[in-house]
Number of protein chains: 2
Amino acid sequence: MIESTLVSVDVIALRFDPDARAVLLGVAPRAHEPFAGELALPGVLLGRGERLRDATTRAVTGKLGLAEKSITATGQLATFDEPSRDPRGPTLSIALWATTTRPGENGHLTWARLDDVPALAFDHNRIVADCRPLLADKLWRDVRFTAGLLGREFTTAQALDVTESLTGDRPYPANLGRTMDRVPGLERTTQHASALPKGGRPPLVWRFTAGAAPA
Amino acid sequence: MIESTLVSVDVIALRFDPDARAVLLGVAPRAHEPFAGELALPGVLLGRGERLRDATTRAVTGKLGLAEKSITATGQLATFDEPSRDPRGPTLSIALWATTTRPGENGHLTWARLDDVPALAFDHNRIVADCRPLLADKLWRDVRFTAGLLGREFTTAQALDVTESLTGDRPYPANLGRTMDRVPGLERTTQHASALPKGGRPPLVWRFTAGAAPA
DNA sequence: ATAATAGTGTCTGTCAGACATTATGCG
DNA sequence: CGCATAATGTCTGACAGACACTATTAT
């Protein structure tokens, strides 16, 4: 019988911050060796028979200190099998995504801009870099991902910010509006959000109808 | 310490058969319990520290009896984590793809049309069904996959057959030609293949230039 | 009014879908 | 020639990119 591999789960936890106008990545300093004290993606060893979904929750609540209820959606990304990625020995890493709409209350938790991720432990910078195009691809395509990130209601301006954070460039409002018109379960309302303190026309509100996550 | 999960690797091994004019899936009867004698995807338990690429090769050579050299390309698909998918206990299954251009010589090996896959052991029918859209998406996008399946040189007629097998409908030749014109590393030659026994105009030959797998 | 922000109309080029037409080889 | 197969020209509609212009709010 072949000795079995260790499987860890590393989570790309994302949150949209309307004030920073950007999508942020949740990272926290490691509590133990190796890389103790260095920032890392939240990750746990997958338990025997544990679902990936449950391991994702366990990593995000345990390592980032977010409440389980604040996780709005999760999903798979890719698997990393470089044998030397963990100095303790070969481990497989399954990269997953999770979304939340709340900042959490853990003092050690750091939210980093996706375009300015700090140095992370293990091969986590590589994981983030490799997965970023996969995440960009999910926006406006994977409804659970999009609704998990933006919440049930959001404005056109926020949609522009999220798109820019994930894809790297900012679409024209008219074009993004047409893209969103074609997203199933997303409807353009006639409501305007409350105006900003700086003045300017208040943006329109968009709303997910059916299978959307709560804000 | 949490008891670690078992990880198996299940391979969707594909071959294009120019005579059958279809993409075929390699399956073989299981040698041991559970499901002994039933057809299944080639799969192995992932060894500690083993690369996914190596496990794929091991599964395809060991279970299907293909020569290692005849594997033209491999890659990842998705992970299946249903705990009850194996009656022996919870195992994670990482689904991978592999391509070959040769039929192999193992008497137990069965090549099944992708649109007529027989009943398979475990949740393998579900794996095939879930991964089929992922495979269709790779055609003409993932050059390694496409070249692995079609070989270094192929005709327009074969390209039509492969596309029909994977996506479910047959494109118009003119449209597929334009799609292939935009594939990097793939060039339209002016050579015609030898005519068919049934007569008819001989099809044009297309050729992969750089990073393509040998036929 | 002016600044700041947001939304809309419309032109462009690209590209997939769909045929009809033309081309090439065999008997 | 007629049959079988393959390739090509071209029309259409969908859609992304790009801008100019209009709309709404605060000061």
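Reminder, nothing fancy here: chain letters follow the sequence lines and each chain counts from 1.
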Fill in: side-chain N/O A:Tyr172 vs D:dA16 OP1/OP2, d < 4.0 Å
no

Worksheet item: Counting any heavy atom closer than 4.0 Å, what does B:Arg182 reach on the DNA or RNA strands: base, sugar-phosphate only, or nothing?
Response: sugar-phosphate

Worksheet entry | hbond_proxy B:Arg201 side chain to C:dA23 base (donor-acceptor, 3.5 Å cutoff) | yes

Worksheet item: Rounded to the nearest Å, what distance is computed from the CZ atom of residue B:Arg170 to the P atom of nucleotide C:dC19?
Response: 16 Å

Worksheet, complete the sentence: When rounded to whole Å, the CD to C1' distance for the pair A:Gln158 and C:dT5 reads 14 Å

Worksheet item: Is A:Arg188 near enough to C:dT8 that one of its side-chain N or O atoms lies under 4.0 angstrom from OP1 or OP2?
Response: yes

Worksheet entry | Plane angle bin for A:Phe208 and A:Phe154 - parallel if under 30°, tilted between 30 and 60°, otherwise perpendicular | tilted

Response to the item:
Residue pair A:Arg178/B:Leu160 against DNA chain D: nearer the 5' end by closest nucleotide is B:Leu160

Item to complete: Answer with base, sugar-phosphate or nothing: what part of the nucleic acid does A:Thr156 contact at a heavy-atom distance below 4.0 Å?
Response: sugar-phosphate

Practice prompt. Whole angstrom is fine here: how far is it from CG in B:Asp181 over to P in D:dA7?
Written response: 12 Å

Worksheet item: Rounded to the nearest Å, what distance is computed from the CG atom of residue A:Leu176 to the C1' atom of nucleotide D:dA18?
Response: 15 Å

Worksheet entry | Candidates C:dA18, D:dA16, D:dA7 - which lies nearest the side chain of B:Pro203 | D:dA7

Worksheet item: Taking for each residue the nucleotide of DNA chain D with the nearest heavy atom, is it A:Pro171 or A:His192 whose nucleotide lies nearer the 5' end?
Response: A:Pro171

Worksheet item: Do A:Trp97 and A:Thr56 meet the criterion of a side-chain donor-acceptor pair at a distance under 3.5 Å?
Response: no

Practice prompt. Whole angstrom is fine here: how far is it from CH2 in B:Trp140 over to P in C:dA16?
Written response: 13 Å

Item to complete: Could you check which of D:dT8, C:dG17, D:dA18 has an atom nearest any side-chain atom of B:Leu204?
Response: D:dT8

Worksheet item: Do A:Trp206 and A:Thr156 meet the criterion of a side-chain donor-acceptor pair at a distance under 3.5 Å?
Response: yes

Worksheet item: In terms of side-chain heavy atoms of B:Ala174, which of D:dA6, D:dT8, C:dA6 is nearest?
Response: D:dT8

Worksheet item: Do you see a donor-acceptor pair shorter than 3.5 Å between the side chains of B:Thr72 and B:Thr99?
Response: yes

Worksheet item: Taking it one step at a time, do A:Asp10 and A:Arg85 satisfy salt bridge (Lys or Arg N to Asp or Glu O under 4.0 Å)?
Response: CA-CA 12 Å; A:Asp10 291 307; A:Arg85 52 177 301 283; 3.3 Å; yes

Discussion item. Heavy-atom nearest nucleotide on DNA chain C for A:Asn175 versus A:Val205: which residue maps closer to 5'?
Written reply: A:Val205

